[in-house]
Every structure is written in structure tokens, then in C-alpha cells.
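Here is the structure we will look at.
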Amino acid sequence: MEKKPFVTKSKIEEIAEQYPTPFHIYDEKGIRENAARVKEAFSWNKGFKEYFAVKATPNPFLINILREYGCGVDCSSMTELMLADAIGCRGEDIMFSSNDTPAEEFIYADKLGATINLDDFTHIEFLDKLTGIPETISCRFNPGGYFSIANSIMDNPGDAKYGFTKEQLIEGFKILKDKGAKHFGIHAFLASNTVTNDYYPELARILFELAVELRDKTGCDIKFINLSGGVGIPYKPEDEPNDISVIGEGVRRVYEEVLTANGMGDVALYTEMGRFMMGPYGALVTKAAHEKHTYKEYIGCDACACNLMRPAMYGAYHHITVLGKENEPCDYKYDITGSLCENNDKFAVDRMLPKIDLGDYLFIHDAGAHGFSMGYNYNGKLRSAEILLKEDGDFELIRRAETPEDYFATFDSLGIFDGILKK
Ligand SMILES: *Cc1c(COP(=O)(O)O)cnc(C)c1O
């Protein structure tokens, strides 16, 4: 499918007059329409709730849009819990799906009334000593081995640090019940960025069958099943996008077949999608600053891997549109680079694009999840602003760009930057 930017060149020019590039921009209309589709796709399940994975896009303005559609938040660190706290999330609005968890984070999660999703058997005792075992508790499952769909390997849970083994789950549920837990959840995350409508239904079957077994072997009341994240997006034009209504219907069929048939038709379904909720509705906008002609043709832009790490870290493909040249032929081959002293600082390698002139704006697609949030400060680069393109076409700054003051702020008592910063 052709990938089209959600914003025009003239709008970007207008925004850039006020907020210089690079910046991340988000599409309110796209976020809303998608959130409504997700809600509709699972409306057959009475207790359905999507807990947006905060780590994907930790911006209160954006998360508050999702909350209008009934979403909660999935947190896994102190500051993610603090963000949830700050926007008024409490109790069942918060899923705490952490691992290798510091004591103070369990204590804070407990104080907020968050649903705690334990990553490990030993955390039962760890949590018990800290806060006692709450009435509602969840555990994360790892089936080990390889996870495949239709004979093709999707991922390798056996090599992943997360979750309980099945034996540990059975034993763990019994212990938790003895310690006073009344309602139980199970969770698993077996593959990331799956671009297939079959992932959730396949995962659901594993978890639903496990739920029946756990009920039978432990007598515990299974209140919810959390399918977690992993639903992918079409980063490449040739990728076939997931259809969330097909996914919802696929999960419904397995639910009927396994849960309803076993007298468990009242189990709530939860999801913790990050990428699917926000990925396509954010982009990194950067300006072509330099061209370089050596053994290859390079365009150097004013963003770098610190603003979007996925290409450098995973070799991930992010589609690029040269704004205003949407209909021109892609007959130039470029490496699109940032300014880090790191040769992997490239948003694209050997990419066919229209001829780029200095000052052109590049729209780097699908940066709305695991984009800004994976940013870092290497080479002293500062994090960019985040801007919301509103439904009415207006725009709003929803996070300012970092300044040198922010970068040096952790040298608390060292006055040597004061004079420099005031200049
Ligand atoms: C990262 C993460 C998610 C979100 O994953 P996506 O691939 O963005 O959907 C959900 N749950 C947990 C526990 C995670 O670590």
C-alpha cells in the first residue's frame, strides 16, 4: 500500500516557523479513528480493556486521547507509574507489567492500586514481604521453545528473560491463593511487531487453554487474560496491514471454542498494545541540511539516531517521503544520515527517493511508537519537540525540545555551566 504522510508540506512549513526541525508530529485524527476501531473490534467482550504500553509513547497529551476510548496504561518503571499517577490513573486503569522489578516500584504500584503482573515466581515472596499479596494478581507466562504460526517461527520465547514456566504458574497460583489472592490474570508476550491477523488468535488459544488448565488444577478464579502487545504495523509499503476487526473476530472464535465451552465465558480480555495504537500516527520531520558526494550520495539531515533509534539499532525500515515531492519519480539513490559520530546513524541506506534539495523536509513515517521514547543524548544531542496535529488542522506543542540547560541539569552542584548557559 502506498504510504502517505498525514500532513502537507505547507503545514510543516507553518509549524517549522514556530518550532524548528527536527520534531516528532502526531496525528490526532488517526489516533482517534484507530482507538475507536480497537474498541469496536473487542466490544463483544464485556470486560475488554486496552492498557496502552506507556514506554511506546510516554506523552500525557497523547495518552489522554486514548483514555477517552476507555484505555488504561501499562507501566513498567517508576517514572511510567509517576506519569500514570500525574494524569489521574488509579486502580484498574493501571497494569504494572514489569520485570527485574525494584522494591520501591512494587510499593508505588500497590499504592496506586495498580494491577500487578508478576514476571517471576520469586517475585511472589518478594511482593508478599513488601506489600502483602493483593486480591487481584496477574502472572506472566513463558511457554519456552519457539513460537510459530503455520510452521513459520515468529519468535523464540525459550530465549526470552520474561515470565513463569507452566509448572511455576500452577505452583505460583496455589501459593498466591493461600496468601489471599482471589482474582487471577495471565499474560504473555510471545512475538513483537507481528504483521499477521493470526498472532492474537494463536496466542489467545495458548492462554485460554492454559486458563482452563489453571482453573482445573488450582481452583483459582481467572478474571482476565492479557494478550499484551506485539500487534505490528506495516512499516514497508509492501506490508499487508493488520485488520483489527479480523483480529478481534479471530480471538472471539477461539474464546467461544475454548473458554465459553469450558464455562469460562465471563473472562475479561486485556491488551497492552503500544506500536499498533500509536506507531503509524507519529512521524519524525527533519530538514535536509547537507549533501555529500563521495563513494555514495548522502543527504545529511538535522535529526539523528538520537531522535529515532530503530534504523540504527535494528536496521529497521522506516519509509521516507520528501514533502512536496510526493508525485515525483524516485530516481535518486541516497543514504539519509544524521550527524552522530557513528556510522550506523542512517535513517535509510541505498533508498530510492526523488531528487532532494537542501531545505527539503523529510517525513520519516511510523515513528509514533518506540520512536521519541527510545531517544538518547549521545554526542550531546538533545531530544526534539513533540507536536500534535489536531483534528481541526491546528497544531499544539505537547513537549518542548530539550535545551542545553536540561542536558547539563544533572551536574547539580557544579557551577561551571552557569555562565555558559546564560550567554
Ligand atoms: C513493550 C511492551 C508492550 C507493547 O508492545 P508493542 O509491541 O508496542 O505492542 C506491551 N506489554 C509489555 C509487557 C511490553 O514490554
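Indexing begins at 1, ligand by ligand and atom by atom, following the structure's order.
- Using cut-offs of 30° and 60° on the angle between ring planes, the pair Tyr317 and His319 is tilted.
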| field | CA sep, side-chain torsions, deciding dist, call: Tyr51, Asp93, side-chain hydrogen bond (donor to acceptor under 3.5 Å, both in side chains) | value | CA-CA 8 Å; Tyr51 289 89; Asp93 291 333; over 6 Å; no
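- Ligand 1 places these atoms under 4.0 Å from at least one heavy atom of Ser228: 10 (C), 11 (N), 12 (C).
- Evaluated by nearest non-hydrogen atom to atom 6 (P) of ligand 1, the leading choice among Ala53, Gly230, Ala56, Ser76 is Gly230.
- Salt bridge Asp221/Lys182: absent, no basic N to carboxylate O contact under 4.0 Å.
- Remark: side-chain polar atoms of Lys49 are paired, donor with acceptor, to backbone N or O of Gly70 under 3.5 angstrom.
- Those atoms of ligand 1 with a heavy atom of Gly229 less than 4.0 angstrom away are 5 (O), 9 (O), 10 (C).
- Every N/O-N/O distance between Arg140 and ligand 1 stays at or above 3.5 Å.
- A salt bridge links Lys11 with Glu14: the distance from a Lys NZ or Arg NE/NH1/NH2 to an Asp or Glu carboxylate oxygen falls below 4.0 Å.
- Note: Tyr200 and Phe42 have perpendicular aromatic rings, judged against thresholds of 30 and 60 degrees for the angle between ring planes.
- Annotation for Cys306 and Tyr376: closest pair CB-O, 3.1 Å, computed over non-hydrogen atoms.
- Ranking protein heavy atoms by distance to atom 5 (O) of ligand 1, first place goes to Phe189 CE1, 3.5 Å.
- The shortest heavy-atom distance from Phe276 to ligand 1 is not under 4.0 Å.
- Near Gly274, meaning under 4.0 Å from one of its heavy atoms, ligand 1 places the atoms 4 (C), 6 (P), 8 (O), 9 (O).
- Heavy-atom proximity to His370, at under 4.0 Å, picks out these atoms of ligand 1: 6 (P), 8 (O).
- With atom 1 (C) of ligand 1 as the reference point, the heavy atom nearest to it among Glu272, Met273, Lys55 is part of Lys55.
- When each of Arg351, Lys3, His365 is checked for a side-chain contact (heavy atoms from CB on, under 4.5 Å) with Ile320, only Arg351 meets the rule.
- Looking at His187 next to ligand 1, no N or O pair under 3.5 Å apart turns up.
- Residue Asp74 has at least one heavy-atom neighbour below 4.0 Å for each of these atoms of ligand 1: 10 (C), 11 (N), 12 (C).
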